[in-house]
Amino acid sequence: GIECQRSEWNKLANVYTMFGKPKSMREIIKRNTEIEATVCGICMLTTIKHAEYPEESGQWVFKGRAVVLGDRNSKIIPQTDASKRTSYWWHSLDSQVASLEQVRLLDAYACIHGYKIEAVDLESAYLQAYWPTDMPTHYLKIPRDLARFLGGELVPPNWMSDPVWPMLRAGYGHPASGHLWNNLLYN
């Protein structure tokens with residue numbers, strides 16, 4: 001599983017350039033210049049494709065998927081004055097995710113009534129959308145276990161005990177990502 005995580009991380013860092021150079025969260029707070037900036041974590045999920053087959057069949061494929069913990073977004077510099085707080089459009093978004101049973105019901109309905117069923121899967125769809133420059137910076141806290149896969153200028157200096165990385169692309173899990181990707185399709 002470690003190699004699939006390394007591969008996914010390499011794709012995010014080097015192919016899609018999802019992360020900017022690390023900054024010290026303490027310095028961002030101290031300078032008080034990014035009062036609208038937000039931050040959350042990111043984690044890595046690992047799954048096994050074809051796990052229904054015996055391991056010795058050789059059909060198992062490990063897949064790593066990075067997920068932004070968008071349900072845990074917070075301001076880097078909390079605003080105590082309510083008049084200075086900004087609410088972003090993604091804060092008011094609420095949608096229900098279709099369950100597998102609901103999707104199966106739709107497929108059954110389509111089959112019964114003779115509708116054509118098609119599916120589309122775009123590789124790394126959300127990562128095609130850049131984080132807009134007219135929106136406040138969103139930073140990611142990357143766990144040390146994952147940060148070790150970063151290289152070059154993405155490695156924080158030794159003195160930096162609280163690094164955060166600017167998110168340069170829409171990441172899976174952030175509430176704005178689906179909308180940013182949708183805007184990319186229509187523009």
Side-chain angles (χ1 to χ4, degrees), residues 4-5 7-23 28 33-47 49 61 63-77 79 84-142 146 150 153-154 164-187:
C4 74
Q5 290 182 5
S7 174
E8 176 74 2
W9 211 244
N10 181 60
K11 179 176 79 171
L12 294 175
N14 301 315
V15 177
Y16 290 102
T17 320
M18 183 175 174
F19 315 112
K21 292 179 185 177
K23 292 184 177 184
I28 294 170
T33 56
E34 297 188 62
I35 61 169
E36 298 300 320
T38 54
V39 65
C40 73
I42 187 169
C43 69
M44 182 69 73
L45 303 177
T46 305
T47 59
K49 290 185 176 184
V61 177
K63 171 71 177 146
R65 173 70 59 152
V67 178
V68 173
L69 301 175
D71 61 326
R72 298 180 185 160
N73 276 339
S74 64
K75 293 268 187 114
I76 287 183
I77 302 170
Q79 295 296 316
K84 293 182 180 178
R85 287 190 201 134
T86 302
S87 181
Y88 301 108
W89 52 268
W90 69 74
H91 290 160
S92 62
L93 298 176
D94 186 25
S95 63
Q96 298 297 317
V97 176
S99 69
L100 185 56
E101 290 80 16
Q102 291 168 320
V103 172
R104 287 179 177 157
L105 282 172
L106 282 173
D107 285 346
Y109 181 87
C111 288
I112 290 168
H113 294 285
Y115 291 106
K116 186 176 181 182
I117 300 173
E118 294 185 28
V120 175
D121 186 16
L122 301 174
E123 183 178 336
S124 305
Y126 283 7
L127 294 173
Q128 307 297 325
Y130 286 96
W131 189 260
T133 55
D134 62 342
M135 283 174 52
T137 304
H138 181 72
Y139 290 96
L140 295 170
K141 291 180 185 178
I142 299 176
L146 296 176
L150 297 171
E153 62 186 20
L154 295 178
V164 289
W165 288 258
M167 188 168 83
L168 304 179
R169 301 228 185 202
Y172 291 99
H174 192 284
S177 293
H179 301 278
L180 296 174
W181 182 73
N182 193 45
N183 290 344
L184 176 70
L185 289 179
Y186 286 103
N187 296 327

S.K.: Not counting sequence neighbours, which residues clear side chain to side chain contact (heavy atoms under 4.5 Å, CB included) with Ile117? List them please.
M.R.: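 If we apply the side chain to side chain contact (heavy atoms under 4.5 Å, CB included) test to Ile117, skipping adjacent residues, the hits are Asp107, Ala110, Cys111.
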
S.K.: For residues Lys11 and Ser124, determine if any side-chain heavy atom of one lies less than 4.5 Å from a side-chain heavy atom of the other.
M.R.: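 The answer is yes; the side chains approach within 4.5 Å.
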
S.K.: Do Lys141 and Ile42 come within less than 4.5 Å of each other through their side chains, counting heavy atoms only?
M.R.: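 When only atoms from C-beta onward are counted, Ile42 and Lys141 do not touch, as no gap falls below 4.5 Å.
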
S.K.: Of all residues at least two apart in sequence or in a different chain, which pass the side chain to side chain donor-acceptor pair (under 3.5 Å) check with Asn182?
M.R.: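 Partners of Asn182 under the side chain to side chain donor-acceptor pair (under 3.5 Å) test: none.
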
S.K.: Go through the structure and list residues passing side chain to side chain contact (heavy atoms under 4.5 Å, CB included) with Leu105, not counting sequence neighbours.
M.R.: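 Side chain to side chain contact (heavy atoms under 4.5 Å, CB included) check on Leu105 returns nothing, list empty.
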
S.K.: Could you measure the distance from the OG1 atom of Thr137 to the CD1 atom of Ile28? Nearest 0.5 Å is fine.
M.R.: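 One gets 8.0 Å once the value is rounded to the nearest 0.5 Å.
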
S.K.: Under the 3.5 angstrom rule, does the side chain of Trp131 hit a backbone N or O of Ser177 as a donor-acceptor pair?
M.R.: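 No: the side chain of Trp131 does not pair with the backbone of Ser177.
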
S.K.: Suppose we screen for side chain to side chain donor-acceptor pair (under 3.5 Å). Which residues come up paired with Asn14, at least two apart in sequence or across chains?
M.R.: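 Here the qualifying residues are Asn10.
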
S.K.: With sequence neighbours left out, what residues match Tyr109 under side chain to side chain contact (heavy atoms under 4.5 Å, CB included)?
M.R.: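 Partners of Tyr109 by the side chain to side chain contact (heavy atoms under 4.5 Å, CB included) criterion, ordered by chain and then number, come out as His113, Tyr115.
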
S.K.: When you compare the side chain of Cys43 with that of Leu69, does any pair of heavy atoms fall below 4.5 Å?
M.R.: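 SC-SC contact between Leu69 and Cys43 confirmed.
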
S.K.: Side chain to side chain contact (heavy atoms under 4.5 Å, CB included) for Leu140 and Cys40? Distances and angles first, verdict last.
M.R.: CA-CA 5 Å; Leu140 295 170; Cys40 73; 4.1 Å; yes

S.K.: Can Arg169 be said to sit on top of Tyr130's aromatic six-ring, NZ or CZ under 6.0 Å from centre and within 45° of the ring axis?
M.R.: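 Output yes; distance and angle both within limits.
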
S.K.: Aromatic rings Trp181 and Tyr126: how do their planes relate, parallel, tilted or perpendicular, breaks at 30° and 60°?
M.R.: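 The rings of Trp181 and Tyr126 sit tilted, inter-plane angle from 30° to 60°.
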
S.K.: Measuring from Arg65:CZ to Leu12:CG, what's the distance to the nearest 0.5 Å?
M.R.: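 Between atom CZ of Arg65 and atom CG of Leu12 there are 9.0 Å.
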
S.K.: Would you call Leu180 and His174 a side-chain contact if the rule is heavy atoms closer than 4.5 Å?
M.R.: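 With C-beta onward as the side chain, the pair stays apart.
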
S.K.: Counting distance only, does the side-chain N/O of Tyr172 pair as donor-acceptor with the main-chain N or O of Leu127 below 3.5 Å?
M.R.: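 A pair under 3.5 Å: no.
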
S.K.: Give me the atom names and distance for the closest heavy-atom approach of Met44 to Ala66.
M.R.: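 Result for this residue pair: SD-N, 3.7 Å.
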
S.K.: Do you know which two heavy atoms are closest between Ala13 and Leu154, and how far apart they sit?
M.R.: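 Shortest heavy-atom contact: CB-CD1, 3.8 Å.
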
S.K.: What residues, two or more places apart in sequence or in another chain, satisfy side chain to side chain donor-acceptor pair (under 3.5 Å) together with Thr46?
M.R.: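 Scan of Thr46 (side chain to side chain donor-acceptor pair (under 3.5 Å), adjacent residues dropped) gives Gln5.
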
S.K.: Among residues at least two apart in sequence or on other chains, which ones pass salt bridge (charged side-chain N to carboxylate O under 4.0 Å, His left out) with Lys63?
M.R.: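 In terms of salt bridge (charged side-chain N to carboxylate O under 4.0 Å, His left out), with neighbours along the sequence ignored, Lys63 is linked to Glu8.
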
S.K.: What's the shortest heavy-atom distance between Asn73 and His138, and which atoms?
M.R.: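 Closest approach of Asn73 to His138: OD1-CE1, 2.9 Å.
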
S.K.: Could you pull out all residues at least two apart from Thr17 that satisfy side chain to side chain contact (heavy atoms under 4.5 Å, CB included)?
M.R.: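 Result, side chain to side chain contact (heavy atoms under 4.5 Å, CB included) vs Thr17: Leu168.
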
S.K.: State which residues pass salt bridge (charged side-chain N to carboxylate O under 4.0 Å, His left out) with Glu101; sequence neighbours excluded, sorted by chain then number.
M.R.: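 Checked Glu101 against salt bridge (charged side-chain N to carboxylate O under 4.0 Å, His left out); zero matches.
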
S.K.: For a 4.5 angstrom cut-off between non-hydrogen side-chain atoms, does Val68 reach Met18?
M.R.: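 Yes, side chains in contact.
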
S.K.: Restricting to ring pair (Phe, Tyr, Trp, His ring centres under 6.0 Å), what partner residues turn up for Trp165, sequence neighbours left out?
M.R.: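 None.
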
S.K.: So, using ring pair (Phe, Tyr, Trp, His ring centres under 6.0 Å) as the criterion, who are the partners of Tyr139 when residues are at least two apart?
M.R.: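 Scan of Tyr139 (ring pair (Phe, Tyr, Trp, His ring centres under 6.0 Å), adjacent residues dropped) gives none.
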
S.K.: Tell me, please, which residues at least two apart from Glu153 pass side chain to side chain donor-acceptor pair (under 3.5 Å).
M.R.: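 Glu153 satisfies side chain to side chain donor-acceptor pair (under 3.5 Å) with no other residue.
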
